[in-house]
Amino acid sequence: MNSYFRLSASAGAALAAALMLAACSSKPVDKTAGWSPNRIYAEAKDEMGSGGYDKAVPLFETLEGRAAGTPLAQQAQLDKAYSQYKDGQKAEAVATLDRFLRLHPASPAVDYALYMKGVINFNDELGLFSFLSRQDLSERDQRAAKEAFESFKELVTRFPDSRYTPDARARMRYTVNALAQYEVHVARYYYNRGAYVAAVNRAQQAIADYRDAPALEEALYILMKSYDKLGMNELRDDTERVLTQNYPNSEFMARGFRRKDTPWWQIW
């Protein structure tokens with residue numbers, strides 16, 4: 001009997017030791033232990049260069065801690081944001097850039113951070129090749145477009161001489177056109193369903209907020225047609241005068257609404 005308990009105790013001790021060894025062996029090995037910050041950065045950049053963005057992100061995170069308070073740590077944050085963006089982690093990339101802007105408001109790289117933040121939101125909703133799909137850009141949720149515009153606007157205002165400013169201006173124009181067309185898309189939606197007062201409100205909103213956008217031609221046309229449906233003849237005639245004065249060769253006056261399969265960006 002005593003022998004049995006002695007054997008059981010020995011077996012229990014062996015099992016406990018085995019479990020401890022298994023636990024130790026399952027711990028992730030930090031391959032960067034003992035590496036210098038410069039080596040970590042070089043390895044992370046190599047991963048970026050070869051498209052291994054998912055592997056670069058944790059290396060940049062490690063570098064942030066190892067090189068805290070140095071310019072290298074700031075660079076690691078920016079490179080991490082770029083890697084997250086390229087890896088499809090757009091929300092995480094924006095959060096990383098927001099953190100950078102909050103912690104380093106005087107950094108010489110603030111213009112780049114603002115530009116990157118704008119590009120991430122711009123590409124999320126306004127990718128330059130999105131017209132290849134049947135979904136109209138103006139039919140999407142415009143929150144990201146507005147956030148992109150605000151980032152570019154801050155960049156252009158604060159850093160007019162930045163190397164990123166010319167591209168930011170071009171993207172701002174594109175964004176404004178899409179936002180204006182979104183309002184017109186909604187106005188057309190209401191008009192087609194007989195909600196003429198709602199159509200008037202959205203068309204007026206587009207005209208008030210986006211004065212030089214190409215979509216305003218259609219906004220005026222929707223406004224004129226809605227006033228006509230509502231029997232508001234004086235306002236209809238006033239709107240028609242404004243439309244013909246500003247767009248003497250208006251395709252809407254000649255042909256009505258565009259066909260459904262014609263993209264908003266196509267002007268020929």
Side-chain angles (χ1 to χ4, degrees), residues 115 118-157 164-193 195-229 235-268:
Y115 177 71
V119 165
I120 291 167
N121 281 316
F122 181 91
N123 286 340
D124 193 33
E125 291 295 330
L126 299 171
L128 291 177
F129 300 104
S130 295
F131 58 77
L132 294 176
S133 71
R134 279 295 177 187
Q135 185 186 23
D136 195 313
L137 291 179
S138 66
E139 295 177 24
R140 302 182 181 186
D141 177 8
Q142 299 298 295
R143 182 174 56 255
K146 292 176 181 178
E147 289 175 358
F149 182 86
E150 290 304 318
S151 294
F152 291 138
K153 182 180 178 182
E154 185 176 354
L155 166 61
V156 167
T157 302
Y164 306 108
T165 293
D167 187 62
R169 289 186 192 278
R171 291 175 187 258
M172 284 174 71
R173 287 193 294 271
Y174 185 93
T175 304
V176 165
N177 291 343
L179 290 170
Q181 186 59 42
Y182 174 75
E183 293 295 333
V184 172
H185 168 79
V186 175
R188 191 190 323 118
Y189 173 88
Y190 284 133
Y191 177 84
N192 288 335
R193 283 154 183 77
Y196 303 119
V197 173
V200 165
N201 290 336
R202 295 310 284 255
Q204 287 178 335
Q205 189 73 42
I207 294 167
D209 292 348
Y210 309 104
R211 293 186 176 277
D212 298 319
L216 297 195
E217 179 186 351
E218 186 177 0
L220 285 167
Y221 181 74
I222 293 171
L223 197 58
M224 181 191 75
K225 296 288 286 183
S226 297
Y227 284 142
D228 184 61
K229 293 292 186 180
L235 287 173
R236 177 202 62 200
D237 294 342
D238 288 343
T239 305
E240 183 176 356
R241 276 193 295 271
V242 173
L243 176 59
T244 53
Q245 285 173 5
N246 286 277
Y247 305 96
N249 300 313
S250 173
E251 66 172 283
F252 295 100
M253 293 297 291
R255 304 175 193 168
F257 290 108
R258 289 192 185 110
R259 292 177 309 171
K260 185 172 179 57
D261 60 349
T262 303
W264 69 268
W265 44 267
Q266 185 171 318
I267 58 175
W268 57 86

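What you find for Ala148 and Gly118 is that their closest heavy atoms are CB-O, 3.5 Å. Nearest approach of Leu243 to Glu217, heavy atoms of both residues: CD1-O, 3.7 Å. Of all non-hydrogen atoms in Ala206 and Ala219, the two that sit nearest each other are CB-CB, 4.4 Å. Tyr210 approaches Val176 most closely through the heavy-atom pair CD2-CG1, 3.8 Å. Residues Tyr182 and Arg202 come closest through the heavy atom pair CE2-NH2, 4.0 Å. Between Arg211 and Leu216, the closest heavy-atom pair is O-CD1, 2.8 Å.
Between Phe152 and Tyr164, the distance separating the two ring centers is not shorter than 6.0 angstrom.
Taken to the nearest 0.5 Å, the CG atom of Leu220 stands 10.0 Å off from the OG1 atom of Thr244. If you take OG1 on Thr239 and CD on Gln204, they are separated by 8.0 Å, rounding to the nearest 0.5 Å. Here CG of Leu155 is found 13.0 Å from NZ of Lys153. Values are rounded to the nearest 0.5 Å. Taking OH of Tyr190 as the reference point, atom NE2 of His185 lies at 10.0 Å (rounded to 0.5 Å). Between the CG atom in Asp228 and the CG atom in Leu223 there is a gap of 11.5 Å [rounded to 0.5 Å]. Here CZ of Arg188 is found 7.5 Å from CG of Asn192. Values are rounded to the nearest 0.5 Å.
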Would you sort out whether Tyr247 and Phe252 count as a side-chain contact (heavy atoms from CB on, under 4.5 Å), showing the intermediate values? CA-CA 10 Å; Tyr247 305 96; Phe252 295 100; over 6 Å; no
Take Gln181 and Asn177 through the test side-chain contact (heavy atoms from CB on, under 4.5 Å) and record every step on the way to the result. CA-CA 6 Å; Gln181 186 59 42; Asn177 291 343; over 6 Å; no
Glu150 and Lys146: CA distance, side-chain angles, deciding distance, side-chain contact (heavy atoms from CB on, under 4.5 Å) verdict: CA-CA 6 Å; Glu150 290 304 318; Lys146 292 176 181 178; 5.7 Å; no
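Residues Glu147 and Arg143 form a side-chain contact, since some pair of their non-hydrogen atoms from C-beta on lies under 4.5 Å apart. Side-chain contact between Tyr196 and Tyr191: present, with at least one pair of heavy atoms (C-beta onward) separated by less than 4.5 Å.
Among Met224, Gln245, Lys225, the one residue that satisfies the side chain to side chain contact (heavy atoms under 4.5 Å, CB included) test with Glu240 is Met224.
Between Asp167 and Arg171 there is a salt bridge, since at least one side-chain N of the basic residue sits less than 4.0 Å from a carboxylate O of the acidic one.
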